[in-house]
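One-based numbering along the sequence shown.
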Amino acid sequence: YAGTSHDLVAFERPPEKSWVKELEDRVFMEEFLAGMDEESRAICHKWLIGDEWKEIACDVGCSVQHAKDKLRYAIESTKKRLLGPGSTNP
């Protein structure tokens, strides 16, 4: 369910998400993740699904701070590569 609690209480359907936008988002995410090294992709995936940092660090075999720093660097460098330096777009 992708609607708000108000929609649910009012028995209204959530707004339809454009299939084109959904496809564009998926392609962007795939390109974004493909731009990361394997360890960064694993950290990002675990973070996106809501794993705790302690669990992520344990799975990857590093400290919590290293996992956070690795993800931060991977996101910034991949964003610059895809969107260009100085870009403020997501």
Side-chain angles (χ1 to χ4, degrees):
Y1 183 77
T4 65
S5 58
H6 173 73
D7 294 335
L8 187 60
V9 171
F11 298 105
E12 295 176 11
R13 293 180 60 95
E16 295 281 329
K17 185 172 182 180
S18 162
W19 68 270
V20 173
K21 176 68 173 139
E22 203 170 302
L23 181 61
E24 287 172 345
D25 291 349
R26 183 181 180 113
V27 168
F28 179 80
M29 234 7 230
E30 286 175 2
E31 287 180 23
F32 195 82
L33 291 172
M36 294 182 179
D37 63 85
E38 189 174 334
E39 184 181 48
S40 296
R41 261 193 313 276
I43 293 170
C44 188
H45 175 73
K46 291 175 180 302
W47 178 71
L48 287 171
I49 62 172
D51 286 0
E52 297 291 327
W53 280 110
K54 188 173 182 180
E55 183 180 351
I56 293 170
C58 183
D59 289 350
V60 176
C62 64
S63 69
V64 169
Q65 190 60 50
H66 178 77
K68 288 180 179 181
D69 291 344
K70 180 91 173 166
L71 181 59
R72 183 179 306 109
Y73 176 77
I75 288 172
E76 288 302 315
S77 61
T78 303
K79 185 170 79 171
K80 285 178 187 173
R81 190 169 39 255
L82 290 176
L83 302 175
S87 178
T88 57
N89 297 334

Legend entry - Spacing of CZ belonging to F28 relative to NZ belonging to K21, to within rounding of 0.5 Å: 9.5 Å
Inset, instruction - Measure the SG-CG distance between C62 and D69 for me, rounded to the nearest 0.5 Å. - result: 9.5 Å
Legend entry - Flag if over 12 foreign heavy atoms under 6.0 Å of CD, E38: no
For residues 40-61, dump all side-chain donor-acceptor pairs below 3.5 Å to protein atoms at least two apart in sequence or in another chain.
residue: S40; atom: OG; partner: D37; partner atom: OD1; Å: 3.4
residue: S40; atom: OG; partner: D37; partner atom: OD2; Å: 2.9
residue: R41; atom: NH1; partner: L33; partner atom: O; Å: 3.4
residue: R41; atom: NH1; partner: M36; partner atom: O; Å: 2.4
residue: K46; atom: NZ; partner: D59; partner atom: OD2; Å: 3.2

Inset, instruction - Taking the side chain as every heavy atom from C-beta outward, state whether R81 and T78 have any pair of such atoms under 4.5 Å apart. - result: yes
Legend entry - Listed partners of E76 passing salt bridge (Lys or Arg N to Asp or Glu O under 4.0 Å), at least two apart: K79
Legend entry - Carboxylate-amine/guanidinium contact R26 E22, below 4.0 Å: no
